[in-house]
There are 2 protein chains.
Amino acid sequence: MEYNEAKDKFINAWGTLGSNWGINKAMAQIHALLLMATEPMSAEEIMEELQMSRGNVNMNLRALMDWGIVKKEHKVGERKEFFSAGKDVWELAKQVSRERRRREIEPIIQVLGEFQNVTGDDKKAVAEFKKLTSDLYDFSSKVDGMIEKFSKSDQTWFYKLLMKI
Amino acid sequence: MEYNEAKDKFINAWGTLGSNWGINKAMAQIHALLLMATEPMSAEEIMEELQMSRGNVNMNLRALMDWGIVKKEHKVGERKEFFSAGKDVWELAKQVSRERRRREIEPIIQVLGEFQNVTGDDKKAVAEFKKLTSDLYDFSSKVDGMIEKFSKSDQTWFYKLLMKI
DNA sequence: TCTAACGTTCAAATATTTCTGAAAGTTTCA
DNA sequence: TGAAACTTTCAGAAATATTTGAACGTTAGA
């Protein structure tokens, strides 16, 4: 496969993957482009390559920086800002799981916890509801703990874990 | 907290959680309702409780059955169809991870594999691209393997794993 | 201070996804 | 077979999410 074809394919695949996971397509595509870039890129260059508006690129670059997976850089003698994505897949995975944990798992655990003191006339329904939410709470907490551990661990730990599985 | 308040809150939280993960809100809400229900429910009852149209309920029930997390049932002497969601959180987690693996991880591994024979003039870019996609491939394959193992395992295995972590 | 070169914002336009409801299809049973 | 009781489908409507681009803000250096 020719490089340019592969490049497009990769950017598209990354965009689709992102959509499946609640990340918008433009954001995922910019990330893909930066992952592939051999040098940091300016907003201008990204606009050009992905045929996106200035506003869109700016907005999504900021979102990517919020996620901690893209960094802003400055080149000496250049006024423009440049952007780059870390190339370390391991670090990327850790960072993404850290953020999703914070943004999505923590809130649900929070809510589930509040259901422990539900009251009501329909004893059966209340009992089943408490059982359900408490099971969900336990499970989520365990997953939460695992991800926390994972996102602080190093690659060696992960490979050792894989061996045990 | 009063049961009815908790019920609404749970249905809403589940809906929001779903949206974050690329599952549509109505689908997640129907699932939440069935999770809480002490008896299987008919489409009619779901429409009523969630104030949704017949078409919407029908469509999303089918999607939930596709995911394998809702089952159709028949009551003796009743013409109507009834629906229920498994109450076992462990089974639910396994089923969801099995489906997401199949729908999302498998395709990306597929695509990444195709990049191994990329050619092009810019040697540096090609080399870096191959490195990147091969790293992603390795990592995804490992995660894929883990999830496969997980989705076939029993709860005991999972708890033992948690201990080791 | 002024201005060119950039970065940021946001209201409006577009695109995408989801939802509705009525019509069409199916099943059961008298 | 006929018709009541359901379920399914799908075109158009509504709701959401994304994108644009032009106006506004900021900064560095002349």
Side-chain angles (χ1 to χ4, degrees), chain A residues 11-34 39-67 70-84 103-104, chain B residues 11-34 39-67 70-84 103-104:
Chain A
I11 289 172
N12 267 317
W14 211 240
T16 304
L17 190 74
S19 309
N20 278 145
W21 289 80
I23 287 157
N24 95 42
K25 198 170 143 183
M27 184 172 157
Q29 288 184 331
I30 293 172
H31 185 235
L33 181 62
L34 291 176
E39 293 296 325
M41 296 179 75
S42 67
E44 207 80 30
E45 290 168 321
I46 297 170
M47 285 168 59
E48 172 62 26
E49 282 256 22
L50 300 179
Q51 294 294 305
M52 278 177 199
S53 71
R54 182 175 298 285
N56 202 9
V57 167
N58 182 279
M59 225 166 49
N60 285 297
L61 276 172
R62 263 180 308 122
L64 286 162
M65 289 189 287
D66 264 7
W67 274 75
V70 160
K71 297 263 177 283
K72 192 184 278 192
E73 298 187 21
H74 291 277
K75 286 191 185 173
V76 290
E78 288 260 27
R79 172 92 169 272
K80 254 183 286 201
E81 295 173 332
F82 291 82
F83 301 88
S84 67
R103 291 164 195 236
E104 292 154 23
Chain B
I11 289 172
N12 268 317
W14 211 241
T16 305
L17 189 75
S19 310
N20 278 145
W21 288 81
I23 287 158
N24 94 40
K25 199 171 142 183
M27 184 171 157
Q29 288 183 331
I30 293 172
H31 185 236
L33 182 62
L34 291 176
E39 293 296 325
M41 297 179 75
S42 66
E44 206 80 30
E45 290 168 321
I46 297 169
M47 284 168 60
E48 172 62 25
E49 281 255 24
L50 300 179
Q51 295 292 305
M52 278 176 198
S53 72
R54 184 175 297 286
N56 202 9
V57 168
N58 182 278
M59 224 165 50
N60 285 298
L61 277 173
R62 261 180 310 121
L64 286 163
M65 289 189 288
D66 265 6
W67 274 76
V70 159
K71 297 265 178 281
K72 193 184 278 192
E73 298 187 22
H74 291 279
K75 285 191 185 173
V76 290
E78 288 260 27
R79 173 90 171 271
K80 254 182 287 200
E81 295 174 332
F82 291 82
F83 301 87
S84 67
R103 292 165 195 234
E104 291 153 25

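Chain naming here is simple, since letters A, B, ... match the order of the sequence lines and numbering starts at 1 in each.
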With sequence neighbours left out, write down each residue that passes salt bridge (Lys or Arg N to Asp or Glu O under 4.0 Å) with B:Arg54, or none if nothing qualifies.
B:Glu44
Mind listing the closest non-hydrogen atom pair of B:Pro40 and B:Lys75 along with its distance?
O-NZ, 4.3 Å
Which residue pairs pass the salt bridge (charged side-chain N to carboxylate O under 4.0 Å, His left out) test with at least one member in residues 14-30 of chain A, sequence neighbours excluded?
none
Nearest-Å distance, NZ (B:Lys75) to P (D:dA5)?
19 Å
Just to verify, what does B:Glu48 make a salt bridge (Lys or Arg N to Asp or Glu O under 4.0 Å) with, not counting sequence neighbours?
none
What is the separation between atom CE on A:Met47 and atom P on C:dG7, rounded to the nearest whole Å?
10 Å
Taking CG from B:Asp66 and P from D:dT8, how many angstroms apart are they, rounded to a whole number?
12 Å
Side chain to side chain donor-acceptor pair (under 3.5 Å) with B:Ser42: which residues, sequence neighbours excluded?
B:Glu45
Measure the distance from CD1 on B:Ile30 to C1' on C:dT18 and round it to the nearest whole Å.
12 Å
Rounded to whole Å, please give me the gap between CD in B:Gln29 and C1' in C:dC19.
13 Å
Hey, does B:Glu44 reach any base, or is it just sugar-phosphate, or nothing, if we go heavy atoms under 4.0 Å?
nothing
Salt bridge (Lys or Arg N to Asp or Glu O under 4.0 Å) partners of B:Arg79, counting only residues at least two apart:
none
Kindly calculate the angle separating the two end axes of the helix from C:dT1-D:dA30 to C:dA30-D:dT1, each obtained from five base pairs, and round it to 10 degrees.
10°
Any heavy-atom pair between the side chains of B:Ile46 and B:Leu34 that's under 4.5 Å?
yes
Between D:dT7 atom P and B:Met41 atom CE, what is the distance in whole Å?
13 Å
Encode nucleotides 11-30 of chain D as B, S and - characters from 5' to 3', where the letter depends on protein heavy atoms closer than 4.0 Å: B to the base, S only to sugar-phosphate, - to neither.
-------SBBB-----BS--
Could you work out which one of C:dC6, D:dT7, C:dT8 sits closest to the side chain of A:Asn58?
C:dT8
D:dT7 C1' sits how many Å from B:Lys72 NZ, rounded?
8 Å
Could you work out, with salt bridge (Lys or Arg N to Asp or Glu O under 4.0 Å) as the rule, every residue matching A:Lys72, not counting sequence neighbours?
A:Glu81
Donor-acceptor contacts under 3.5 Å from residues 15-24 of chain A side chains, at least two apart:
unit_1: A:Thr16; atom_1: OG1; unit_2: A:Asn12; atom_2: O; d: 3.0
unit_1: A:Ser19; atom_1: OG; unit_2: A:Gly15; atom_2: O; d: 3.0
unit_1: A:Trp21; atom_1: NE1; unit_2: B:Glu104; atom_2: OE1; d: 3.1
unit_1: A:Asn24; atom_1: OD1; unit_2: A:Ala26; atom_2: N; d: 2.9
unit_1: A:Asn24; atom_1: OD1; unit_2: A:Met27; atom_2: N; d: 3.0
unit_1: A:Asn24; atom_1: ND2; unit_2: A:Asn60; atom_2: OD1; d: 3.3

In whole Å, I'd like the distance from the CG atom of B:Leu64 to the P atom of D:dT8.
13 Å
